[in-house]
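Everything below concerns the one structure shown next.
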2 protein chains.
Amino acid sequence: MSLLVQKFGGSSVANLDRIRNVANKIKKFKMQGDDLIIVLSAMSGETDRLLNLAKDIDQFPNQREMDVLLSTGEQVTVALLSMMLNSMGIKAKSYTGAQVGIITNDVHTKAKIERVQEDKVRKDLEDGYVVVVAGFQGVTAGGEITTLGRGGSDTTAVALAAQFKADECQIYTDVDGVYTTDPRIEKKARKLDTITFEEMLELASLGSKVLQIRSVELAGKYNVPLRVLSSLMDEPGEGTLITFEEKEHYVESEIITGIALNRDETQITVLGVPDRPGIAFNILDAVGKENIDVDMIVQNISQDETTDFTFTVNAPDYDRALLITQNVANDMGAKEVLGRTDIAKLSVVGVGMRTNSGVASRMFHALAKEKINIHMISTSEIKVSVIIESKYAELAVRVLHEEFSLHLSH
Amino acid sequence: MSLLVQKFGGSSVANLDRIRNVANKIKKFKMQGDDLIIVLSAMSGETDRLLNLAKDIDQFPNQREMDVLLSTGEQVTVALLSMMLNSMGIKAKSYTGAQVGIITNDVHTKAKIERVQEDKVRKDLEDGYVVVVAGFQGVTAGGEITTLGRGGSDTTAVALAAQFKADECQIYTDVDGVYTTDPRIEKKARKLDTITFEEMLELASLGSKVLQIRSVELAGKYNVPLRVLSSLMDEPGEGTLITFEEKEHYVESEIITGIALNRDETQITVLGVPDRPGIAFNILDAVGKENIDVDMIVQNISQDETTDFTFTVNAPDYDRALLITQNVANDMGAKEVLGRTDIAKLSVVGVGMRTNSGVASRMFHALAKEKINIHMISTSEIKVSVIIESKYAELAVRVLHEEFSLHLSH
């Protein structure tokens with residue numbers, strides 16, 4: 001008998017048939033005697049529908065109200081699943097983030113979980129209930145509804161698993177595990193049985209849609225065993241377990257573990273900035289104050305006492321970030337601000353990179369052979385990321401998958 | 001400068017254009033210096049959409065989960081309106097029933113308001129905010145989400161008006177006031193400038209869709225001035241004010257104030273019940289325990305030591321009520337249980353009836369002339385209701401409107 005936290009994403013609860021599948025899966029675990037905390041996303045498409053309503057009202061809608069609006073999506077799915085479970089004779093109770101006590105800070109639309117209350121869930125588990133919690137949302141100490149940002153449901157699941165010391169946090173998705181790259185782009189992509197936390201963290205930060213980065217960080221911090229499984233298959237198999245141990249053979253034979261592609265980034269360049277100390281700070285501070293995360297940052301060597309400064313932000317933040325940057329650029333007497341949304345970030349990730357030099361140059365060479373131009377480069381100990389034109393994205397993934405022989409099991 | 005509570009129904013917030021109209025109306029009042037508490041329903045159709053999802057899961061869905069599900073409808077509209085107001089430069093904050101502190105008992109899907117917390121609303125009004133509250137919903141002292149039943153948004157509005165001693169509670173609907181009967185059925189129907197609380201109470205209880213009965217009761221109990229107005233017209237006019245005074249001239253000249261038609265009732269008959277004391281109690285108690293409201297009740301004179309017992313319930317409760325009645329009827333050895341859903345309740349209402357005998361007989365005679373058969377009859381001091389076959393409903397309304405000359409202003 002285990003305590004499991006199971007998270008089902010939007011496509012797993014997209015309609016009543018899918019919700020019934022989820023209920024049947026839960027029933028199997030319950031019959032085995034497991035205690036269950038279930039975390040759900042909104043029906044796929046629902047969050048976008050609500051976002052579009054808000055965008056039609058205001059280009060920059062009131063963020064407090066955005067959270068009141070968006071949090072309804074998960075509330076619908078937890079109620080429907082609990083109804084379904086009860087109608088199958090399985091005792092279940094649904095909770096919104098506010099009800100169950102997912103206490104967050106007050107940064108609307110991007111709140112961070114501060115603590116999780118225990119009493120209701122603990123009591124319900126003791127009374128034999130399946131506890132069904134709305135993902136992606138919480139409440140401030142003052143009672144304001146908050147949301148955790150895109151993919152926040154994974155974070156909810158991990159936070160609950162950490163708080164209740166769950167035996168495993170299982171993330172059910174529409175893929176059956178973590179692959180060497182997106183199988184829709186490269187047919188030879190191979191499922192990994194295990195992956196290290198560090199690698200998963202890089203993959204997540206680089207745009208792999210399998211797990212949201214904050215949830216991986218949180219799981220690493222609290223040693224929560226995390227497993228990615230398929231919700232669509234009747235027998236999900238073992239999926240991919242995210243392990244805390246680095247396997248020795250990685251260093252021996254595998255240089256690269258996977259390739260991540262992120263199409264959600266956009267690029268903003270400030271041209272002709274007077275090259276004075278504090279430029280980068282002035283721009284990034286203004287953007288950061290609006291709670292916009294900046295990913296890659298590049299500043300070129302200065303020419304004629306001016307320099308060019310480029311950074312990337314997530315696509316949903318693009319309009320706001322561009323506006324803010326234009327204001328700051330004006331104030332500092334910069335020449336021009338350019339924005340591009342037709343870009344993609346491509347990354348190769350692997351713990352093995354630490355002891356193998358030459359990954360970056362093999363990567364650049366393979367791309368150059370296909371005449372794919374690289375705009376920006378960013379590296380860390382276990383990954384190399386490049387920004388390229390988005391039209392070359394799939395080609396680049398296949399080229400690199402081949403280059404590093406990822407289809408071969410090592 | 002007044003404190004106004006304004007309630008807008010589902011058709012007034014059916015889409016973003018309608019919500020913008022509501023925001024513009026609110027702006028006018030705010031510019032005049034009024035303090036405003038706004039209560040909203042869900043977008044029209046949304047509650048039914050959610051109900052149908054639940055029905056597809058379970059004929060008798062878990063009622064706790066039903067409330068979690070249904071309460072999302074109003075949460076969406078309050079967020080959208082607050083966003084709209086903020087984007088127009090008007091400070092506004094939305095609240096769910098739980099957030100603002102509409103505390104109810106724990107009868108899910110039909111909860112009753114026990115008290116209303118003041119602190120948040122009071123503070124926001126002092127700070128110049130328009131306070132936008134989700135109607136139809138509340139929360140138990142234990143933190144469970146509840147809903148107030150159909151039309152509960154009117155009740156929310158009146159409860160807030162009573163708590164904050166509003167100068168007026170204005171109910172904006174898709175009609176411009178209370179009419180002598182439904183203008184869609186009888187073109188000669190006339191708008192009333194005033195109507196007494198007693199008459200409005202009868203009209204509401206008899207199925208007039210203009211105001212929900214509980215809200216009228218509550219307004220009467222706490223002396224809340226209540227006004228029905230049109231939300232669709234730019235200049236709503238004065239609508240109909242519900243007054244506490246009985247006007248003398250009513251008694252002099254007007255016998256009947258209005259005609260109400262209710263198509264939402266259904267009829268359940270138990271045939272061949274052994275005629276022993278306690279029959280009515282046994283049946284009604286079983287139904288009442290499931291929180292199903294019974295409206296008309298008729299028990300015929302007994303024949304051969306058995307009797308027939310008939311009552312009506314609202315259409316949404318029909319399936320459950322029939323099942324319960326069948327079980328009780330079996331236990332008591334009754335002969336048969338019959339149900340009918342093709343019925344309508346037709347009522348004539350007027351304070352003047354008190355001093356004018358003969359209203360019932362004029363009503364029955366007028367219907368008989370058109371060969372409209374009467375199934376059940378129920379009377380009070382100021383109304384007469386009959387159950388007829390629903391196919392005759394419109395004809396019967398027109399016949400009675402003519403019979404009592406309601407098109408003439410007195």
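The chains referred to below are lettered A, B, ... by the order of the sequence lines, with proteins before strands, and numbering in each begins at 1.
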| When heavy-atom pairs shorter than 4.5 Å are enumerated against chain A, which of B:L80, B:V132, B:T96, B:L81 gives the highest number? |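 Top count of heavy-atom pairs under 4.5 Å with chain A: B:L80.
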
| query | chain A: which of B:D56, B:D58, B:V78, B:V68 shares the most heavy-atom pairs with it under 4.5 Å? | reply |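 Max contact count across the listed options: B:V68.
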
Value rounded to 0.5 Å, distance of [atom1] in [X] from [atom2] in [Y]:
X      : Y     : atom1 : atom2 : result
A:M84  : B:L53 : CE    : CG    : 9.5 Å
B:E144 : A:Y95 : CD    : OH    : 6.0 Å
B:N62  : A:S87 : CG    : OG    : 9.5 Å

| message | Which atoms of B:L69 are under 4.5 Å from chain A, going by heavy atoms: the side chain, the backbone, both sets, or neither? | response |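 Both the backbone and the side chain of B:L69 come within 4.5 Å of chain A.
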
| query | Under a 4.5 Å heavy-atom cut-off, does chain A meet the side chain of B:L50, its backbone, both or neither? | reply |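 Answer is side chain: those atoms of B:L50 sit under 4.5 Å from chain A.
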
| task | Scan side-chain atoms only and decide if A:S71 and B:Q75 contain a donor-acceptor pair under the 3.5 Å cut-off. | result | yes

| query | B:R64 side chain to A:S94 main-chain N or O, any donor-acceptor pair under 3.5 Å? | reply |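 Between the backbone of A:S94 and the side chain of B:R64 there is a qualifying donor-acceptor contact (under 3.5 Å).
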
[X], [atom1]: over 12 other non-hydrogen atoms inside 6.0 angstrom:
X     : atom1 : answer
A:R49 : CZ    : yes
A:K91 : NZ    : yes
A:K55 : NZ    : yes

| said: To check you understand the geometry: which heavy-atom pair defines the closest contact between B:E65 and A:A92, and what is its length? | reply: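 Nearest pair, atom of B:E65 first, then A:A92: OE2-O, 3.9 Å.
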
| note | Ranked by heavy-atom pairs below 4.5 Å to chain B, first place among A:K120, A:R20, A:M88, A:Q99 goes to A:Q99

